[in-house]
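Report on the structure given below.
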Amino acid sequence: MEFIYALLVQPFVDMYLDPLIFIETVIKGLMAGVLYSLVALGFVLIFKASGVFNFAQGVMALFAALTLTGIMEYMPDGLPKWLTVIAALGITVVIMILLAVIIERVVLRPLVNQELIILFMATLGLSYVLEGAGDLMWGSDVKVLDIGLPTDIWDIGGVYVEQLDVTAAIAAGSLVAVLAIFFTKTRIGRALRAVADDHQAALSVGISLQQIWVIVWSVAGIVALVAGIMWGSKSGVQFSLSLIALKALPVLILGGFTSIPGAIIGGLIIGLGEKVVEVFWYSVHGGAVENWFAFMLALAFLMFRPQGLFGDKIIERV
Amino acid sequence: MLYRETGQFKRNYAADQQLFPIFQDKILLAAILVVALAIIPFAINDYWSKAILLPFMVYALVALGLNILVGYCGQISLGTGGFMAVGAYSSYKLCTAFPELNLIFVILFSGGCTAAVGVLFGLPSLRIKGFYLAVATLAAQFFLIWMFNKVPWFYNYEMSQITAPPREVFGFLVSGPQAEPAAQYLFVLGFIIVFTWVALNLVRGRIGRSWMSIRDMDIAAELLGIRPLQTKLLAFAVSSFYIGMGGAIIFHIWLGTVEATEAFDILQSFFVLFAIIIGGLGSVLGSFLGAAFMALMPVGLKVVLVDWIGMVPVTAKHIEFMLVGSLIIFFLIKEPHGLARMWQITKEKLRLWPFPY
């Protein structure tokens with residue numbers, strides 16, 4: 001009886017009695033969700049264009065953030081801060097594009113026409129390589145990433161909002177907008193959508209698959225960089241970043257693997273859900289549900305809608 | 001020359017259907033068994049047991065389990081660590097609740113518990129496939145580990161780190177800090193031999209064939225009259241049974257004390273998955289080769305990089321990561337059927353050696 005009360009009644013009483021905390025939790029959850037969406041976005045991009053489920057996306061975010069901090073350490077001291085940041089960002093972007101080229105050459109090209117599950121496992125291997133390489137080059141201790149993002153806390157009528165979270169939200173929003181324009185208005189974007197639709201048809205009208213893959217992985221690398229910057233500024237650049245990024249997977253399942261808006265909305269739902277459950281149902285579970293709540297939510301969701309909220313319907317043929 | 005089947009005739013059905021039909025294979029197997037049963041137990045010491053033999057054997061058992069699910073039935077699972085934890089904690093509960101119970105039964109029962117949990121988490125596999133299922137099994141991984149940390153009943157309301165109580169089997173102490181390495185080794189070896197034999201027979205019979213048809217194309221298999229739900233759930237159950245026994249053995253024999261978040265985290269799941277990819281998906285021999293590779297490579301790398309070259313252990317660890325990752329990609333590109341397939345090719349070559357056409 002007590003348990004049922006704690007499960008079904010108490011949380012709502014708490015929400016009603018303390019609306020400020022509720023609002024703060026909701027905002028925190030939404031902001032965390034934005035960060036998940038940022039990682040999920042990279043997944044969706046690659047999945048749409050090549051059908052590859054890129055498990056290494058989280059590690060790419062870690063790798064990008066590590067590279068950025070590493071380069072910033074090696075920058076000459078006399079330069080003004082903004083110049084250092086921009087130069088380091090530029091070099092990191094170039095490195096991520098190079099990485100995309102290497103991945104296409106070494107991993108994807110030999111595996112063309114293999115089953116998707118093989119490609120998935122290859123990206124698992126890739127995630128180990130990137131993680132080892134990143135740590136080997138830049139060291140594995142926790143690093144502070146400071147590129148001058150605002151870190152203060154706003155107090156809006158008793159509700160505390162971190163400026164960093166707002167920045168992340170703005171970054172995610174603009175990223176989606178830019179990607180949407182890129183996908184619908186540019187020549188390359190149209191080619192990308194063609195490839196996503198049907199590889200062979202795209203090939204037959206003269207679109208180079210290899211070129212498209214390099215572009216997609218570069219874009220995913222840059223998205224990973226943005227995600228890495230946001231996560232890194234929030235909690236330091238460290239190994240656990242790649243594990244946090246695993247949470248982008250349930251986000252994908254909720255939103256559907258092929259939908260960019262799905263990635264955003266899925267991220268928001270997951271972030272919101274886990275924060276609210278963590279805070280208001282604390283007496284039921286005793287804490288630390290953030291580790292698994294997202295996965296369980298996705299699992300429950302899958303039972304009813306296997307393709308996700310916005311995903312394409314799964315059609316199976318013999 | 002070395003490997004010639006000429007003149008080995010099969011005169012009845014029993015001879016045709018034996019597990020190792022080729023005479024040379026029988027000799028090899030007998031030699032391995034003699035070394036494993038009669039020589040190693042007398043030569044074993046604590047370092048060899050704890051650092052090399054036990055990890056290899058335990059991971060071979062777990063890899064065998066995962067290979068049944070991934071390699072034979074085609075259902076990707078990333079929840080191996082969680083299932084191993086179920087095995088470890090249920091064996092701890094059984095062992096402390098029934099102190100009289102023989103450790104053999106404790107390990108078998110904890111395998112059974114894990115099979116039940118595996119079936120539970122395998123239920124979604126009917127509706128969801130491929131990577132979707134992989135993500136769903138991640139739910140098992142994270143949820144189970146959290147549960148073993150949070151619910152005090154599982155660790156008997158003491159510390160969340162559980163310790164294996166000393167237990168004797170046939171008068172020999174096999175578990176606990178004072179256990180004899182040779183007794184521990186033989187105990188685990190017994191499990192390995194029995195359950196490898198079971199697995200070999202499972203995968204070549206009706207059940208194994210139905211798993212493979214589900215793996216190759218589930219809709220077509222369904223049309224052939226194979227029931228997907230039962231087949232998949234059976235694969236989950238058998239696989240989790242093996243993995244649970246592996247987890248129980250890790251806890252009782254190899255490590256002695258475990259803490260769920262450290263001993264059975266997601267890296268363990270990847271570790272075992274990599275072992276079967278490198279060893280060979282859908283091959284019993286491959287599980288052993290892969291487990292040997294994954295368990296021995298860190299030891300070998302440590303000897304070479306840290307002891308000989310004098311590298312910092314952390315750097316050696318990073319190189320190990322890169323090496324494992326590159327090997328995965330290498331194997332997927334060059335030899336998707338892994339070390340087991342390489343061994344098969346070697347055997348084919350040995351047939352003609354030294355006079356190839």
Side-chain angles (χ1 to χ4, degrees), chain A residues 47 53 55-56 106-107 109-111 114-137 139-141 243 246-247 249-250 252-253 257 285-300 302-304 306-308 314 316-318, chain B residues 70 74 76 78 82 121 123-124 126-147 149-152 217-220 222-223 261 265-267 270 273-274 277 281 314-315 317-334 336:
Chain A
F47 191 83
F53 182 87
F55 202 85
V106 180
V107 183
R109 202 178 289 179
L111 286 174
Q114 287 278 1
E115 280 174 62
L116 292 180
I117 209 79
I118 301 276
L119 280 159
F120 162 65
M121 292 196 229
T123 59
L124 249 175
L126 185 67
S127 71
Y128 264 58
V129 175
L130 282 183
E131 205 171 305
D135 286 349
L136 198 63
M137 282 193 294
S140 57
D141 38 333
L243 290 183
L246 279 181
K247 279 221 204 109
L249 300 176
L252 288 171
I253 287 198
F257 277 98
H285 53 66
V289 285
E290 283 177 338
N291 283 336
W292 56 267
F293 177 77
F295 291 95
M296 280 305 202
L297 189 68
L299 186 60
L302 273 177
M303 297 295 229
F304 301 103
Q307 72 269 35
I314 301 167
E316 290 186 86
R317 296 189 187 86
V318 174
Chain B
V70 181
I76 288 257
L78 294 174
F121 279 98
L123 278 175
L126 191 68
R127 269 184 77 87
I128 52 182
K129 283 156 198 165
F131 350 101
Y132 287 84
L133 185 64
V135 178
T137 54
L138 276 178
Q141 168 76 40
F142 288 115
F143 176 73
L144 290 168
I145 298 297
W146 173 85
M147 189 176 74
N149 260 328
K150 274 290 172 219
V151 183
M217 178 166 256
D218 52 352
I219 299 176
E222 208 175 334
L223 294 175
T261 33
D265 64 353
I266 180 127
L267 293 179
F270 291 148
L273 186 65
F274 289 169
I277 295 176
L281 289 167
V314 182
T315 319
K317 198 83 201 150
H318 297 157
I319 291 182
E320 184 192 319
F321 255 73
M322 286 185 70
L323 198 67
V324 170
S326 338
L327 274 170
I328 296 289
I329 296 173
F330 171 81
F331 270 103
L332 287 173
I333 292 172
K334 292 291 171 199

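Worth saying up front: this structure is predicted, and the values here are computed from it rather than measured. Per chain, numbering begins at 1; letters A, B, ... match sequence-line order.
- Heavy-atom distances place both the backbone and the side chain of B:L138 under 4.5 Å from chain A.
- Separation of atoms OH (A:Y128) and CZ (B:F274) is listed at 5.0 Å; rounding is to 0.5 Å.
- In this view, B:F331 satisfies the ring-ring contact (aromatic ring centres under 6.0 Å, His included) rule with no residue, not counting sequence neighbours.
- Interface check for chain B: of the options A:G125, A:G134, A:A298, the most heavy-atom pairs under 4.5 Å are formed by A:G125.
- In plain terms, the two heavy atoms of B:L332 and A:L111 that are nearest each other are O-CD2, 3.8 Å.
- Residue A:F120 places its CZ atom among more than 12 non-hydrogen atoms of other residues, nucleotides or ligands, all under 6.0 Å distant.
- Contact between B:I333 and A:P110 at its shortest, heavy atoms only, is CG2-CB, 3.5 Å.
- With a threshold of 4.5 angstrom between heavy atoms, B:L323 does not approach chain A through any atom at all.
- Note: B:L78 CG to A:F55 CZ = 5.5 Å, rounded to the nearest 0.5 Å.
- By number of non-hydrogen pairs under 4.5 angstrom with chain A, the leading residue of B:L144, B:T315, B:I329 is B:I329.
- Taking all atoms of both residues into account, the shortest heavy-atom contact from A:L299 to B:A136 is CD1-CB, 3.2 Å.
- Contact check for B:K317 versus A:D135: no side-chain heavy atoms found under the 4.5 Å cut-off.
- The parts of A:A122 that come within reach of chain B are both its backbone and its side chain, each placing non-hydrogen atoms under 4.5 angstrom from that chain.
- The contact between B:L273 and chain A is made entirely by side chain atoms (from C-beta outward), counting heavy-atom distances below 4.5 Å.
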